[in-house]
> 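Sharing a structure, written as structure tokens. Questions coming.
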Amino acid sequence: MLELADKIELKSTDAKDEISFATRYMVQVNLTFDLTVRSGKFSGTSHFCIRKDQIEKLCADLIDMTSSNQGHTKIEDNDSNAFVEFTMSKDGLVHIKGQIGGTHEENYLMYEFSTDNIATDIFIKEFGNMLDYVDDAEYEKEYNLKHK
């Protein structure tokens with residue numbers, strides 16, 4: 001297990017809403033974050049677990065979306081039905097909606113807000129930096145051979 005302490009934020013265009021991924025640890029190719037959402041007067045935090053290949057796909061999809069000014073992508077928690085979804089609008093804004101916490105849990109929060117390409121570009125770069133971390137090089141090499 002590799003303990004991590006990065007925090008990746010994505011704020012709305014008016015800075016009133018935001019999501020942040022605070023890294024906790026990595027086991028093999030799996031990263032666990034504390035995903036925090038602030039949406040209006042509501043906020044919450046829940047664990048969010050994803051693999052490196054999911055991060056890689058999300059970043060590639062977001063780059064394609066922002067360069068073509070169209071598209072949609074989604075990343076889903078591997079331990080619940082929590083998700084973060086990104087949709088590019090015709091007006092050049094990126095719409096983010098999702099859910100933190102699973103519906104099987106006592107509390108969960110659904111949210112939605114918009115941001116611009118500048119904030120999204122920073123998010124892509126910072127989120128993509130997670131791909132540089134290695135916990136178990138041997139396992140990761142075998143995983144990549146099986147799944148690519």
Side-chain angles (χ1 to χ4, degrees), residues 1-136 139-140 143 147:
M1 180 174 79
L2 177 64
E3 291 186 28
L4 303 169
D6 298 285
K7 187 173 182 181
I8 305 156
E9 298 176 324
L10 183 59
K11 295 184 180 193
S12 63
T13 50
D14 61 7
K16 292 182 179 178
D17 302 308
E18 72 175 310
I19 59 173
S20 68
F21 290 82
T23 56
R24 295 176 49 99
Y25 54 86
M26 178 181 192
V27 177
Q28 296 175 328
V29 296
N30 303 290
L31 288 124
T32 298
F33 299 88
D34 282 336
L35 177 58
T36 300
V37 173
R38 185 174 46 88
S39 182
K41 294 180 181 180
F42 299 96
S43 65
T45 301
S46 184
H47 291 131
F48 197 82
C49 302
I50 52 179
R51 294 180 315 275
K52 286 177 81 172
D53 61 301
Q54 291 172 287
I55 293 172
E56 189 173 23
K57 182 182 181 322
L58 176 70
C59 291
D61 288 351
L62 288 171
I63 289 168
D64 289 346
M65 279 174 46
T66 56
S67 65
S68 67
N69 220 24
Q70 64 181 6
H72 169 269
T73 191
K74 182 178 184 178
I75 193 162
E76 297 175 286
D77 177 33
N78 292 326
D79 295 333
S80 74
N81 61 341
F83 67 94
V84 181
E85 186 173 77
F86 300 83
T87 305
M88 189 75 179
S89 68
K90 292 178 183 176
D91 59 1
L93 292 175
V94 178
H95 297 283
I96 296 106
K97 71 177 183 177
Q99 171 187 308
I100 63 166
T103 53
H104 67 283
E105 297 179 70
E106 190 172 314
N107 296 300
Y108 64 95
L109 172 68
M110 300 199 70
Y111 59 91
E112 187 170 352
F113 64 89
S114 296
T115 194
D116 58 30
N117 280 351
I118 295 168
T120 306
D121 288 346
I122 294 167
F123 176 80
I124 293 166
K125 182 178 184 285
E126 291 177 349
F127 215 61
N129 288 340
M130 297 292 101
L131 300 173
D132 295 337
Y133 291 114
V134 176
D135 173 49
D136 184 338
Y139 178 87
E140 190 165 332
Y143 179 86
H147 295 93

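Since the structure is predicted, the reported quantities are computational estimates derived from the model, not experimental observations.
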> If you look only at pairs with a residue in residues 112-121, which of them pass as a side-chain hydrogen bond (donor to acceptor under 3.5 Å, both in side chains), with sequence neighbours excluded?
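Passing the test, one end in residues 112-121: His95-Ser114.
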> Which distance, rounded to the nearest 0.5 Å, do you find between the CD of Gln54 and the SG of Cys49?
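Going from CD on Gln54 over to SG on Cys49, the span is 10.0 Å.
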> Let me confirm one number: the CG-NZ distance from Asp17 to Lys11, rounded to the nearest 0.5 Å.
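Reported to 0.5 Å precision, the distance equals 11.0 Å.
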> Using side-chain hydrogen bond (donor to acceptor under 3.5 Å, both in side chains) as the criterion, list what pairs up with Ser80, not counting sequence neighbours.
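Once residues adjacent in sequence are excluded, the partners of Ser80 under the side-chain hydrogen bond (donor to acceptor under 3.5 Å, both in side chains) criterion are Asp77.
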> Does any pair with a residue in residues 122-135 pass side-chain hydrogen bond (donor to acceptor under 3.5 Å, both in side chains), and if so which ones, sequence neighbours excluded?
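Applying side-chain hydrogen bond (donor to acceptor under 3.5 Å, both in side chains) to every pair that reaches into residues 122-135, excluding sequence neighbours, yields Asp6-Tyr133.
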> Yes or no on side-chain contact (heavy atoms from CB on, under 4.5 Å) for Val37 and Phe42, after CA distance, side-chain angles and deciding distance?
CA-CA 8 Å; Val37 173; Phe42 299 96; over 6 Å; no
> Excluding sequence neighbours, so at least two apart, what forms salt bridge (charged side-chain N to carboxylate O under 4.0 Å, His left out) with Glu105?
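If we apply the salt bridge (charged side-chain N to carboxylate O under 4.0 Å, His left out) test to Glu105, skipping adjacent residues, there are no hits.
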> Indicate yes or no for a side-chain donor-acceptor contact from Thr23 to the backbone of Ala5 under 3.5 Å, with no hydrogens or angles considered.
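Checked: pair present.
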> Could you verify whether a donor N or O on one side chain and an acceptor N or O on the other, from Asn81 and Tyr108, lie under 3.5 Å apart?
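No donor-acceptor contact under 3.5 Å links the two side chains.
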> State which residues pass side-chain hydrogen bond (donor to acceptor under 3.5 Å, both in side chains) with Asp91; sequence neighbours excluded, sorted by chain then number.
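Result, side-chain hydrogen bond (donor to acceptor under 3.5 Å, both in side chains) vs Asp91: Ser89.
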> OG/Ser39 to NZ/Lys16 distance, rounded to the nearest 0.5 angstrom?
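The NZ atom of Lys16 is 12.0 Å from OG of Ser39, to the nearest 0.5 Å.
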> The test is side-chain contact (heavy atoms from CB on, under 4.5 Å); show your working for Phe123 and Leu62 and say whether it passes.
CA-CA 10 Å; Phe123 176 80; Leu62 288 171; 4.1 Å; yes
> Counting N and O atoms only, with roles assigned by atom type, does the side chain of Asp136 sit under 3.5 Å from a partner on the main chain of Val27, one being a donor and the other an acceptor?
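Not at all, since once roles are kept as given, no pair shorter than 3.5 Å links the two residues.
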> Name all residues meeting the side-chain hydrogen bond (donor to acceptor under 3.5 Å, both in side chains) criterion together with Ser68; count only those two or more places apart in sequence or in a different chain, and write none if there are none.
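None.
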> Quick one: salt bridge (charged side-chain N to carboxylate O under 4.0 Å, His left out) partners of Lys52, sequence neighbours excluded?
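Checked Lys52 against salt bridge (charged side-chain N to carboxylate O under 4.0 Å, His left out); matches are Glu140.
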> CE/Met88 to OG1/Thr66 distance, rounded to the nearest 0.5 angstrom?
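So the gap between those two atoms works out to 6.5 Å.
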> Using the side-chain hydrogen bond (donor to acceptor under 3.5 Å, both in side chains) criterion, which residues pair with Thr32? Sequence neighbours excluded.
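For Thr32 there are no side-chain hydrogen bond (donor to acceptor under 3.5 Å, both in side chains) partners, ignoring immediate neighbours.
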> List the residues meeting salt bridge (charged side-chain N to carboxylate O under 4.0 Å, His left out) with Asp79, not counting sequence neighbours, and say none if there are none.
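Per chain and number, Asp79 pairs via salt bridge (charged side-chain N to carboxylate O under 4.0 Å, His left out) with no residue.
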> Which residues satisfy the side chain to side chain contact (heavy atoms under 4.5 Å, CB included) test with Asp34, sequence neighbours excluded?
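Asp34 satisfies side chain to side chain contact (heavy atoms under 4.5 Å, CB included) with Ala22, Arg24, Thr45, His47 only.
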> Which residues satisfy the salt bridge (charged side-chain N to carboxylate O under 4.0 Å, His left out) test with Lys57, sequence neighbours excluded?
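Partners of Lys57 under the salt bridge (charged side-chain N to carboxylate O under 4.0 Å, His left out) test: Asp61.
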> Which distance, rounded to the nearest 0.5 Å, do you find between the CD1 of Ile100 and the OG of Ser46?
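That separation rounds to 6.0 Å.
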> Please list, chain by chain and in numerical order, all residues satisfying ring pair (Phe, Tyr, Trp, His ring centres under 6.0 Å) with Phe48, sequence neighbours excluded.
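Checked Phe48 against ring pair (Phe, Tyr, Trp, His ring centres under 6.0 Å); matches are Phe21.
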